[in-house]
Structure formats: structure tokens, C-alpha cells
Number of protein chains: 2
Amino acid sequence: MTAPAKRPGRRPGTADTRGQILDAARAEFASRGYERATVRGIARVAGVDSALVHHYFGSKEQVFLAALDFPVNPAMVQDVAAGDPAGIGERLARFVVSLWESPPTRERLLAVVRSVTSNEEMAALVRGFARPRLVVPLAARIGGADAEARVEMALAQIIGLAMARYVIRMEPVASVGAEELVALLAPALQRLLGPAVDAV
Amino acid sequence: MTAPAKRPGRRPGTADTRGQILDAARAEFASRGYERATVRGIARVAGVDSALVHHYFGSKEQVFLAALDFPVNPAMVQDVAAGDPAGIGERLARFVVSLWESPPTRERLLAVVRSVTSNEEMAALVRGFARPRLVVPLAARIGGADAEARVEMALAQIIGLAMARYVIRMEPVASVGAEELVALLAPALQRLLGPAVDAV
DNA sequence: GGCGAAATTCATCATGCGATGAGTTTCGCG
DNA sequence: CGCGAAACTCATCGCATGATGAATTTCGCC
């Protein structure tokens, strides 16, 4: 009645076990970060022996990389950058919030955020991704002397919001709905990225 | 010439060994985060047997807490909140940058940031600190309907900047000087916390 | 229907960790 | 100067981890 007496050897039928392992890995890495997640834990969640994880992926690090499989392609960033500069904050906010509110993407992003703080390789990976793929294109689009720095401030706003909402879970931002989130983020981003407003 | 042949037993003279252990712990926790830092590593840096760390502090967690000893007192926040609302962004930016540019404080903050992502207890600690000590007082001061949410966006901007600059080390913000940092941060914070400007 | 390849588990290793208890040396009070 | 307490190391335990290699079962092709 309980455990179906798991015997060694191939299981009958066709199940996407590899996929289940990846799902389990994503969940574990997202909720614990790279260091704290364990191959055995992933195997347990996937309902599988830990050696099978090694069989498919070789090492913990490779499971991690396979589980990430990053879902932001350059065209999306182009779509955000193009169009009316007066709406760039809103478009970027909507894009970011939609990424975070989609569970599979959120898991990947959380895994990255949770791992980047204690893993220099992860930091290097993010660094190598962010600058050419996000900072430079967006900065080119908005123009101005300190364009890159302003784009990075916008990125910082986004990263920090993710930390506050999903990692630290600070109230009230942890609980507001997606639409209110956009309403909060959009103006902040707009002021960083939009045409000069000469405020202060 | 090499190692002075360390024997067991109390060492002659008076050395602040406990303090050295705390320094080593701060350095280790700051650069690796809670999970990755090890009691043995701390002991090695302090030039001491790992059992001595346990002798003084009992457990790894208690070393961590002792190494933190948080240096932000409520009066500082009051100083930032008080005064001309038109200057609150600048005052807060200067305060934050001065914290991060002071090495001992930076180590403590980095330890927190590096640990909060993979340690729910740490997250709870930050949550319990941020809301009553920072969010509520500042929100009360600036007023308005969504004051708390706006304060948290400002906090998010600060947290995210710390991540970008010190953890991920994204260029250019990783390398700009303190004064330029203030110049970048101040307007962003001002727009979040200052009197309504009705932009967008 | 046989056979190689793929899928799966089992048993096991070496390593590094946090922690503990016992032993040794020095300090400082009386 | 004696003696208890404090500072310090050593040896060791038990545990969890990542990893490996051999054994077992099923699949799918010829």
C-alpha cells in the first residue's frame, strides 16, 4: 500500500524521468540555493535514487546548469527597448513582473538569485549575461552620458524588489498583486530610464 | 621560522583571541555567506584550533550572530527622516553609502546579504528588523497612501544596488566612487520618498 | 526471440563538516 | 607560592554529502 517496493532495473512503460529530475532540481535550487540543495534531496523529490541523477547529469553543477536553461532571449529585450521612450518604464515593468509571476520562470530566477550570493561562478555568469544582453542594449537605446549606470540602477531596482518580495518576503510588497506591482515598479523604472525630467 | 610549533595550553601574554576569531568570522561570513563559511575555516584564518571557536561561542550559529552585532541604531534613521523632505533622498543616500564604504560595516552587511538568500532564519531576522525599524518610521514620516510600499521600493533600490555593486560586481557601478554612487542613488530615492512630483 | 543499449538501484568510498570531552599550559587571586 | 579558573589543543565521533562501479531489469531493433 505504501511504497511500491522499488526494485533495481529499468521501470516498465515510458516516463520522462529525466524531466522529473529537472523539475525537482529546479524546485530544490529555487528554494534553497545551490549550496544548500543536495543531490540526494533532488533525487528524493523526483522519487528516484540519487545515483540516477549522476547518471543523467554527471555532477551537481551540471544538474544546476541544466535546470536553469535560461528563458530570456534577446528579442524580448529589443521589444522592451523599442517603442515610445515615454512608455519604457511601463513596458519593462510589465515584462519583469510577467517573468516573475510565471512559476517555471520564477523558479529559475529564484535559483539564480539564491545562488549568486555565495557562488562566485554564478556571479560571473550573471555578470557575463547582464552586461552584453541587458545593460549595453538598453543603454544604447536610451542614450545619455551615464546611460549604463542608469540602466544598472534600474536593474538594481528590479533585483532588489525580487529580494524584498520573494526572498525576504517583506510586507507589504510580498503580498501585493501583480498589477499593483507593475504600478509600483513602472514609475521608478521610467524615471531611471526615460527621457530627462529634470526633477529633484 | 615557519610555524612556531603550537603546543596545547594557554598562550603566554594577553592577546584578544576572541576578538581575532570574531574578525575572522566576519571576513569568512562576508565573503562566503553562512552556509559556505566553515568553523574550521574561521579557525584557520584566526590562527586557532577550531575547538576554540566552539569554546567561545558554542555553535556556528552563535559565532555568526556574535560577528554581526548590528551597527544601525534607530537614532540614525531618525536623523535621516527628520529635516527638509526635499533632501531626504540625498540624506538617505549619503547614509547608506557611508555604511557600505566603511569596511567593518560592509563586512557585516555583506554577511547578511550573502546569507539571507539561503537561510530562512536570516530572512526572518531581516524581516523583523526592516519593518519596525526602517519601513514604519520612514513611512510615517513621508506619509501618503502607499507610503510603506514606496519606502520598500526605496529599500529595494538600496538592496539591489548592493547586490549589483558588491556581490555581482557589475560594471560600471562596481567601480564608481562613493560620491558618484551618492549622485546615482539620491535622485532615485528622492523620487520614491520625496513629496509627490506627479511625473510619468 | 535474442541481444545490446538504456534505465534504474544498491552498496560503498572518501571527504569535510559541526561538535564534544579530555588533556595541557598559563594567568591571577589570595 | 599554591591553586582554581581560563585559554588552548588533540583526538575523535557521527553524520551528510558528492561521487563511482557493479548489478539488475526493461526496451526496442533486427
Side-chain angles (χ1 to χ4, degrees), chain A residues 2-25 28-29 31-67 111 114-115 118-119 121-122, chain B residues 2-25 28-29 31-67 111 114-115 118-119 121-122:
Chain A
T2 50
K6 199 161 288 182
R7 290 156 33 250
R10 184 169 189 155
R11 287 201 285 261
T14 349
D16 179 19
T17 311
R18 198 190 128 104
Q20 286 172 244
I21 292 175
L22 280 180
D23 287 348
E28 288 293 286
F29 285 126
S31 76
R32 304 175 195 246
Y34 184 80
E35 326 294 341
R36 242 188 184 190
T38 70
V39 173
R40 289 158 139 98
I42 292 168
R44 190 169 351 103
V45 170
V48 138
D49 189 279
S50 83
L52 192 58
V53 178
H54 279 101
H55 171 67
Y56 277 121
F57 300 98
S59 73
K60 178 182 178 180
E61 188 172 344
Q62 285 171 283
V63 190
F64 184 66
L65 293 177
R114 284 215 147 95
S115 306
S118 58
N119 197 310
E121 291 176 51
M122 243 303 101
Chain B
T2 49
K6 198 162 290 183
R7 290 157 33 249
R10 184 167 187 158
R11 288 201 284 263
T14 349
D16 179 19
T17 310
R18 199 190 129 104
Q20 286 172 243
I21 292 176
L22 280 180
D23 287 348
E28 288 293 287
F29 285 127
S31 77
R32 304 175 194 246
Y34 184 80
E35 326 293 340
R36 239 186 187 192
T38 71
V39 173
R40 288 157 141 98
I42 293 168
R44 191 170 349 103
V45 171
V48 136
D49 189 279
S50 81
L52 191 58
V53 178
H54 279 101
H55 171 67
Y56 278 122
F57 300 98
S59 73
K60 178 181 179 182
E61 188 172 344
Q62 285 171 282
V63 189
F64 184 67
L65 293 177
R114 284 214 146 98
S115 306
S118 58
N119 197 309
E121 292 176 50
M122 243 304 99

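Every chain is numbered from 1 and lettered A, B, ... according to where its sequence line falls, protein lines coming before strand lines.
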Chemist: Using a 4.5 Å cut-off on heavy atoms from C-beta on, say whether the side chain of A/L22 contacts that of A/F57.
Modeler: yes

Chemist: A/F57 CZ to D/dT20 C1': how many Å, rounded?
Modeler: 18 Å

Chemist: Go through C/dT9, D/dA7, C/dG18 for me and flag the one nearest to the A/L52 side chain.
Modeler: C/dT9

Chemist: Using a 3.5 Å distance criterion without hydrogens, assess whether the side chain of B/Y34 forms a donor-acceptor pair with backbone atoms of B/S118.
Modeler: no

Chemist: How close or far is atom P of C/dG18 from atom CD of B/Q62, stated in whole angstroms?
Modeler: 14 Å

Chemist: Under a 4.0 Å heavy-atom cut-off, which of residues 35-51 of chain A touch DNA chain C?
Modeler: A/V48, A/D49, A/A51

Chemist: Taking only side-chain nitrogens and oxygens of B/Y56, does any of them come within less than 4.0 Å of OP1 or OP2 of D/dA6?
Modeler: no

Chemist: State, yes or no, whether a side-chain contact exists between A/R36 and B/N119 at a heavy-atom distance under 4.5 Å.
Modeler: yes

Chemist: Separation of B/H54 atom NE2 from C/dG18 atom P, in whole Å?
Modeler: 7 Å

Chemist: Is the phosphate of D/dC8 approached by B/H55 (side-chain N or O, under 4.0 Å from OP1 or OP2)?
Modeler: no

Chemist: Rounded to the Å, how far apart are A/R32 CZ and D/dA16 P?
Modeler: 14 Å

Chemist: Are A/K60 and A/F29 in a cation-pi contact, defined as NZ or CZ under 6.0 Å from the six-membered ring centre and within 45° of the axis?
Modeler: no

Chemist: Send over the distance from B/F29 CZ to C/dG18 P, rounded to a whole Å.
Modeler: 9 Å

Chemist: Could you give the distance from CG (B/L52) to OG1 (B/T17), rounded to the nearest 0.5 Å?
Modeler: 7.0 Å

Chemist: Just wondering, do B/Q20 and B/V48 contact through their side chains at under 4.5 Å, heavy atoms?
Modeler: no

Chemist: Please give, in whole Å, the distance from C/dA6 C1' to A/I21 CD1?
Modeler: 14 Å

